[in-house]
Amino acid sequence: MSALSPAIARPLIVLALLGAAFAVYTQAVAAGVTGPLDLAVARALARAWVPALQPLAQAIAVLGGIEATVLVAAGLLVLLLRRGFRAEAAALIALPLVEVLEIVYKLVLRHPAPLMFAHPDGPSVVTMFHAGTLTSSGSYPSGHMMRTVLIYGLGAFVVRRLATPGWARVVAVPAAAAVIGLMTLDRVYLGVHWQSDVVGGLLLGGAVLAGVIAWLDRPRAVA
């Protein structure tokens, strides 16, 4: 059996590390270890709340909503299919996968959202249910954060690989990083998630993204 190439070994290592980190962190959240920090961060950002920034914060939230991420995923699917990467297009099944994982964890881990700090979230079909979460029992991990890391990270990877040399390839990674960074702050600033929810979303979304990249970079049979 031949050794894995660095291109596929690296994302698999990242997958293992982030998956393990998520498992350990989830146990810490379940045990209440993150509670004091959650409360301290929520209080600090509540004191820093500026009502005039609410429309901007809601607009950022839309980028991580189900509607926006499904549209971006659909665009990536079309791009891959048009370039002849039919097997690789199957990577987009990762989006419904993270949605299932989100619901399972929110049902299993009782971690109520910080409703006492919450401001109106960005418009989304999810805001119709249980104050912006997919279940009434918990808010861990943040679905917005998972979807943002997965879809915008995957978008940057695909654009870097398939776009012709030019501005799109140059800005792909910085743009994805900016969206992810803004979403990280946005979820806590709006008070719809604890910081632990966001960290959990980053870890799980990053692990799934690494798995998807490993699939896209897997060795291909030579015709």
Legend entry - Linked, directly or transitively: Phe22 and Leu101 (ILVMFWY side chains, under 4.5 Å): yes
Legend entry - Non-hydrogen side-chain atoms of Val212 and Trp215 separated by less than 4.5 Å: no
Legend entry - Heavy-atom check, side chain of Glu88 versus side chain of Val158, under 4.5 Å: no
Inset, instruction - Please round to the nearest 0.5 Å and tell me the distance separating atom CG of Leu92 and atom CG of Leu154. - result: 6.0 Å
Legend entry - Flag side-chain contact, heavy atom, 4.5 Å: Val208 against Leu15: no
Legend entry - Shared hydrophobic cluster, Ile93 / Leu204 (ILVMFWY, side-chain heavy atoms < 4.5 Å): no
Inset, instruction - To the nearest 0.5 angstrom, please state how far the CD1 atom of Ile66 sits from the CZ atom of Arg147. - result: 4.5 Å
Inset, instruction - With side-chain contact (heavy atoms from CB on, under 4.5 Å) as the test, would you mind laying out the steps for Ser196 and His111 before giving the verdict? - result: CA-CA 10 Å; Ser196 56; His111 195 240; 3.2 Å; yes
Inset, instruction - Could you tell me the separation between the CG atom of Leu162 and the CZ atom of Arg82, rounded to the nearest 0.5 Å? - result: 13.5 Å
Legend entry - Heavy-atom side-chain contact between Arg161 and Asp217 under 4.5 Å: yes
Legend entry - Linked, directly or transitively: Val14 and Val173 (ILVMFWY side chains, under 4.5 Å): no
Inset, instruction - Give, for atom CD of Glu67 and atom OG of Ser124, the distance between the pair rounded to the nearest 0.5 Å. - result: 3.5 Å
Legend entry - Donor-acceptor under 3.5 Å (Glu102 side chain, Pro141 main chain): no
Inset, instruction - Mind checking side-chain hydrogen bond (donor to acceptor under 3.5 Å, both in side chains) for Gln195 and listing every partner two or more places apart, or none if nothing turns up? - result: Asp38
Inset, instruction - Please report the shortest heavy-atom distance between Ser139 and Ala113, naming the atom on each side. - result: OG-CA, 3.5 Å
Legend entry - Separation between CG of Leu202 and CG of Asp197, rounded to the nearest 0.5 Å: 11.0 Å
Inset, instruction - Test side-chain contact (heavy atoms from CB on, under 4.5 Å) on Leu63 and Thr148 and set out the steps. - result: CA-CA 7 Å; Leu63 296 176; Thr148 299; 5.9 Å; no
Inset, instruction - Answer yes or no: is there a side-chain heavy-atom contact under 4.5 Å between Leu115 and Val192? - result: no
Inset, instruction - Going by the side chain to side chain contact (heavy atoms under 4.5 Å, CB included) test, name the single residue among Leu18, Leu17, Val149 that passes it with Leu203. - result: Leu18
Legend entry - Val199 and Trp194: CA distance, side-chain angles, deciding distance, side-chain contact (heavy atoms from CB on, under 4.5 Å) verdict: CA-CA 9 Å; Val199 173; Trp194 302 107; over 6 Å; no
Inset, instruction - Please collect all ring pair (Phe, Tyr, Trp, His ring centres under 6.0 Å) contacts where either partner lies in residues 26-46, sequence neighbours excluded, each pair once. - result: none
Inset, instruction - May I ask whether Val98 and Ile180 are part of the same hydrophobic cluster, defined by side-chain heavy atoms of I, L, V, M, F, W, Y residues being less than 4.5 angstrom apart, directly or through others? - result: yes
Can you list, pair by pair, the side-chain donor-acceptor contacts under 3.5 Å of residues 72-81, counting residues two or more places apart and other chains?
none

Side chains of residues 41-55: which donor-acceptor partners sit under 3.5 Å, not counting sequence neighbours?
none

Inset, instruction - Report yes or no: do Leu209 and Met183 belong to one cluster of Ile/Leu/Val/Met/Phe/Trp/Tyr joined by side chain heavy-atom distances under 4.5 Å? - result: yes
Legend entry - Heavy-atom closest pair, residues Gln58 and Pro123: O-CD, 4.5 Å
Would you tabulate the side-chain donor-acceptor contacts of residues 165-172 under 3.5 Å, counting partners in other chains and residues two or more places apart, or write 'none'?
from	atom 1	to	atom 2	distance (Å)
Arg169	NE	Arg160	O	3.2
Arg169	NH2	Arg160	O	3.4

Legend entry - Residue list, side-chain hydrogen bond (donor to acceptor under 3.5 Å, both in side chains) with Thr26, at least two apart or on another chain: Tyr140
Inset, instruction - Report yes if some heavy atom in the side chain of Met145 is under 4.5 Å from a heavy atom in the side chain of Thr184; otherwise report no. - result: yes
Legend entry - Min side-chain heavy-atom separation Phe117-Val188 under 4.5 Å: no
Inset, instruction - Enter the distance from Asp186:CG to Ile60:CD1 here, rounded to the nearest 0.5 Å. - result: 5.0 Å
Inset, instruction - Answer yes or no: is there a side-chain heavy-atom contact under 4.5 Å between Asp121 and Arg187? - result: yes
